[in-house]
Amino acid sequence: MPTTDSADRQWRDLKEAFAWFNPAVASAFRHARAAGMDPDGLSSVNYPNRATAYVAFFSPATGRLRLFNAAGEEA
């Protein structure tokens with residue numbers, strides 16, 4: 001797990017990298033971060049259109065992927 005400063009920087013970089021062309025991805029990242037996901041656990045990003053986005057993170061605590069969408073719902 002990265003240090004707090006390092007993790008904050010990673011989250012900011014992830015959001016900035018995607019927000020300029022798909023704000024739904026940045027929103028999904030915000031929800032994943034609020035759920036306590038580690039930015040190093042990012043597994044995939046799926047954005048079929050500008051209104052829809054999903055981000056998947058591996059959770060070491062559960063040993064499974066957790067999928068978050070732009071609306072804050074975990075799938």
Side-chain angles (χ1 to χ4, degrees):
M1 182 90 157
T3 65
T4 302
D5 290 340
S6 175
D8 288 344
R9 192 174 322 107
Q10 285 179 287
W11 280 113
R12 185 186 64 241
D13 291 348
L14 285 171
K15 286 189 294 188
E16 288 175 1
F18 287 95
W20 69 273
F21 71 90
N22 193 327
V25 174
S27 179
F29 280 135
R30 279 192 301 277
H31 295 299
R33 182 180 186 181
M37 293 291 95
D38 179 348
D40 287 337
L42 178 62
S43 178
S44 67
V45 177
N46 185 348
Y47 45 94
N49 58 53
R50 289 190 57 81
T52 306
Y54 299 93
V55 293
F57 284 83
F58 177 74
S59 173
T62 63
R64 65 181 183 93
L65 286 177
R66 292 179 67 187
L67 185 67
F68 298 89
N69 68 18
E73 300 161 341
E74 187 173 352

Colleague: Quick one: does any side-chain atom of His31 pair with a main-chain N or O of Ala70 as donor and acceptor, under 3.5 Å?
Modeller: yes
Colleague: What salt bridge (Lys or Arg N to Asp or Glu O under 4.0 Å) pairs are there with at least one residue in residues 26-37, not counting sequence neighbours?
Modeller: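 Matches after skipping sequence neighbours: Asp8-Arg33.
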Colleague: To the nearest 0.5 Å, tell me how far Leu42 CG sits from Met37 CE.
Modeller: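 If I round to the nearest 0.5 Å, the distance is 11.5 Å.
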Colleague: Which residue pairs pass the ring pair (Phe, Tyr, Trp, His ring centres under 6.0 Å) test with at least one member in residues 55-75, sequence neighbours excluded?
Modeller: Trp11-Phe57
Colleague: For Asn22 and Asn49, indicate whether the former's side chain and the latter's backbone hold a donor-acceptor pair under 3.5 Å.
Modeller: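 Flag set: sc Asn22 to bb Asn49 pair under 3.5 Å.
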Colleague: Listed by chain and number, what are the ring-ring contact (aromatic ring centres under 6.0 Å, His included) partners of Tyr54, not counting sequence neighbours?
Modeller: none
Colleague: Output, in order, the C-alpha distance, side-chain angles, deciding distance and verdict of side chain to side chain contact (heavy atoms under 4.5 Å, CB included) for Leu67 and Glu74.
Modeller: CA-CA 6 Å; Leu67 185 67; Glu74 187 173 352; 5.7 Å; no
Colleague: Starting at OG of Ser27, measure out to CG of Asn69 and round the result to the nearest 0.5 Å.
Modeller: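 Here the rounded value is 8.0 Å.
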Colleague: For a 4.5 angstrom cut-off between non-hydrogen side-chain atoms, does Pro48 reach Asn46?
Modeller: yes
Colleague: Looking at Val45 and Phe29, what are the two nearest heavy atoms and their distance?
Modeller: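 Heavy atoms of Val45 and Phe29 come nearest at CG2-CZ, 4.0 Å.
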Colleague: Any non-hydrogen side-chain atom of Pro39 less than 4.5 Å from a side-chain atom of Leu14?
Modeller: yes
